[in-house]
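Contents: one structure, followed by commentary.
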Amino acid sequence: MKKSLTLFTAILLAVSLSAERKEVHILSANDMHAYLSSMPMVADVADSLRTLYPGLLVFAAGDNRTGDPLNDMYEIPAYPMVALMNQIGFDATTLGNHEFDSSPRGLARLINLSNFSYLCANVHPDDSLGMHLRPCQTFDVNGLRVGVVGAVQLGTHGTPDTHPDNCRGISFEPYQEAIARYEYLRSQCDIVILLTHIGYEEDVELSAQVPWVDLIIGGHTHTQLKGGEMHNGILITQNENKLKLVTHITLVLERTKVGDGVDGPWRIVEKKAENIDVRDRQGRNKTVTDMVSMFSNNPAFFRALAWLEEPVTTYEELGCLMCDAFISETGADVAIENYGGVRYDEHDAGEFTVSDVLQLDPFGNDAVLMELSGEELRNMLISCYDNDSHLFPFVGGIFCEVEFDKKTPAQVKKLTLRTPDGKKLDLKKTYRVVTNHFVASICDAPRRDQGHSINRKTADLIIDFLDRKKSVNYTGKKRITIVNKQ
């Protein structure tokens with residue numbers, strides 16, 4: 001009798017502690033860069049997942065725009081991506097640095113045209129801009145509360161990596177400080193997510209500072225992770241750029257009954273992330289396909305400019321092409337193009353079109369001319385490296401030998417400039433230097449001439465150069481020699 005009573009008590013206890021399970025499913029993308037042709041497949045992924053999981057959340061981790069001229073040069077710049085994201089049913093995005101390429105007024109207009117939220121805790125626009133940002137938002141998914149906080153990276157000048165003029169009327173703060181203010185979400189939500197555009201390594205560092213967070217959906221560095229990675233108990237996800245892949249995230253939660261049928265708290269018991277291939281997907285959402293066709297109906301973008309005799313396969317080869325175009329069209333002695341200003345690294349042999357140029361140089365930068373001594377030019381190149389994510393710029397009219405400090409590998413120890421015939425550049429002589437207005441604005445090395453716009457876009461210089469040349473070959477072109485980069 002005693003044995004039976006004990007068994008009965010154990011059964012009752014097991015029933016009272018039985019767990020209820022729920023799942024939250026998320027589809028995430030990052031650094032889409034207006035890759036319009038992949039959006040019908042992204043829509044098909046979202047449709048398929050919603051059929052299985054009606055409460056699906058769809059998030060973007062910034063840099064939705066800047067990459068396809070059909071999007072970026074539309075009558076309302078970047079509206080095609082907004083319209084497509086509306087149709088797909090995105091729930092929220094954070095701001096990437098390239099969201100600011102629209103200028104403050106342009107960004108405010110895009111936000112007002114969006115059916116999804118823009119979440120960014122470390123961005124504070126003036127009220128006069130009418131920019132409807134939120135630091136965070138709580139979503140209800142099958143009775144679970146999901147709190148999401150957004151954040152964007154800041155460069156060496158305390159603003160996102162875009163031209164400073166695009167940030168007028170907006171103040172910024174370090175994302176660590178901004179995110180910390182929302183720790184209270186842990187007590188109010190069953191799940192807490194950070195939607196960041198700060199970079200993979202920064203996400204990993206941040207994970208050690210936010211133990212109250214469950215998941216970080218990241219962007220900015222285009223880091224391809226295999227599904228996701230666990231760091232300090234937090235799942236981190238990110239994909240490379242231009243919608244080659246998206247991520248399906250599954251969070252499994254359990255809640256136990258405690259005491260007289262009282263519900264305990266929800267606990268995450270499993271976190272999973274899987275990559276979904278977009279480019280090779282056969283399914284396409286018809287409405288989104290029709291919208292992309294409508295936005296793509298502009299034959300002027302596909303006019304052939306020149307014949308590329310051999311394929312190019314590196315950023316530097318294309319950077320050399322750009323710099324040669326700047327010199328050819330302006331008569332300058334030297335050209336500088338920042339590494340981040342070259343937006344792709346390969347192109348097949350064959351036609352090079354207007355669209356190819358505008359995807360290579362999509363920022364609408366003005367060309368800037370300045371007169372610099374050889375010493376000022378050298379210091380400007382180092383400053384560009386320091387202020388552009390420690391990536392050395394590309395050049396025309398000169399060759400560079402870069403030696404890094406062994407104790408501080410990210411620091412340039414010595415920079416030798418040479419003329420095309422191999423002689424050392426005269427550091428006292430004055431040279432006409434052409435660059436883009438982003439480089440002119442971020443390079444804070446002292447110089448007498450701050451430069452002036454020639455009222456032509458750098459992309460137009462490239463278009464005119466190729467249109468005149470008709471045939472070019474940049475395979476193997478290299479003007480930067482790294483002596484001891486580790």
Side-chain angles (χ1 to χ4, degrees), residues 31 33-36 63 65-74 77-78 96-103 161-163 165-166 222 241-242 298 300-306 308 312-330 332 334-348 351-369 384 388-389 391-397 433-443 451 453-469 472 474 477 479:
D31 300 277
H33 286 293
Y35 208 84
L36 301 184
D63 277 7
R65 59 155 298 159
T66 304
D68 187 333
L70 294 168
N71 175 75
D72 303 324
M73 301 184 72
Y74 196 72
N97 51 298
H98 287 298
E99 264 62 64
F100 294 90
D101 292 345
S102 283
S103 81
D161 290 340
T162 186
H163 192 280
D165 287 349
N166 295 332
H222 309 169
N241 65 336
K242 295 186 177 180
N298 193 332
F301 284 123
F302 304 106
R303 179 173 68 88
L305 296 168
L308 197 60
V312 288
T313 58
T314 70
Y315 286 106
E316 185 167 3
E317 288 170 353
L318 286 159
C320 289
L321 184 156
M322 295 170 75
C323 288
D324 286 354
F326 297 171
I327 290 174
S328 174
E329 299 304 308
T330 65
V334 178
I336 303 171
E337 174 63 36
N338 60 303
Y339 193 107
V342 183
R343 299 310 293 177
Y344 56 82
D345 63 344
E346 59 183 8
H347 192 291
D348 292 336
E351 290 184 343
F352 209 96
T353 67
V354 172
S355 177
D356 292 329
V357 172
L358 295 175
Q359 291 179 64
L360 181 67
D361 184 5
F363 303 111
N365 282 321
D366 283 348
V368 173
L369 271 175
C384 186
D388 192 34
S389 303
L391 297 168
F392 203 83
F394 303 117
V395 296
V433 178
V434 59
T435 188
N436 64 61
H437 76 300
F438 172 73
V439 170
S441 69
I442 67 167
C443 292
S453 170
I454 64 171
N455 296 317
R456 293 183 70 190
K457 303 296 183 185
T458 53
D460 291 337
L461 300 182
I462 302 168
I463 289 171
D464 291 347
F465 171 74
L466 291 173
D467 212 8
R468 192 165 43 78
K469 295 286 285 186
V472 294
Y474 277 82
K477 290 285 186 182
R479 294 168 186 159

To the nearest 0.5 Å, what is the distance between [atom1] ([X]) and [atom2] ([Y])?
X	Y	atom1	atom2	value
Met322	Glu317	CE	CD	14.0 Å
Thr458	Asn436	OG1	CG	6.0 Å
Leu308	Lys469	CG	NZ	13.0 Å
Tyr315	Arg343	OH	CZ	7.5 Å
Asp361	Ile462	CG	CD1	4.5 Å

Check [Y] with [X], please: is the shortest side-chain N to carboxylate O separation under 4.0 Å?
X	Y	value
Asp467	Arg303	yes
Lys477	Asp324	no
Lys457	Asp366	yes

Side-chain heavy atoms of [X] within contact of [Y], under 4.5 Å:
X	Y	result
Arg456	Asp464	yes
Tyr344	Val312	no
Leu318	Leu360	yes
Arg479	Glu316	yes

### Task
Report yes or no: does Ser441 contribute a side-chain atom to a donor-acceptor pair with the main-chain N or O of His163 at less than 3.5 Å?
no

### Task
Heavy atoms only: give me the nearest Ala367-Leu461 pair and the separation to one decimal.
CB-CD1, 3.7 Å

### Residues Thr162 and Asp101: side-chain donor-acceptor under 3.5 angstrom
yes

### Message
I'd like to know if the side chain of Arg468 pairs up with that of Ser328 as donor and acceptor (distance under 3.5 Å, no hydrogens or angles considered).
### Response
yes

## Note on the structure
Residues passing the ring-ring contact (aromatic ring centres under 6.0 Å, His included) test with Phe438, sequence neighbours excluded, are none

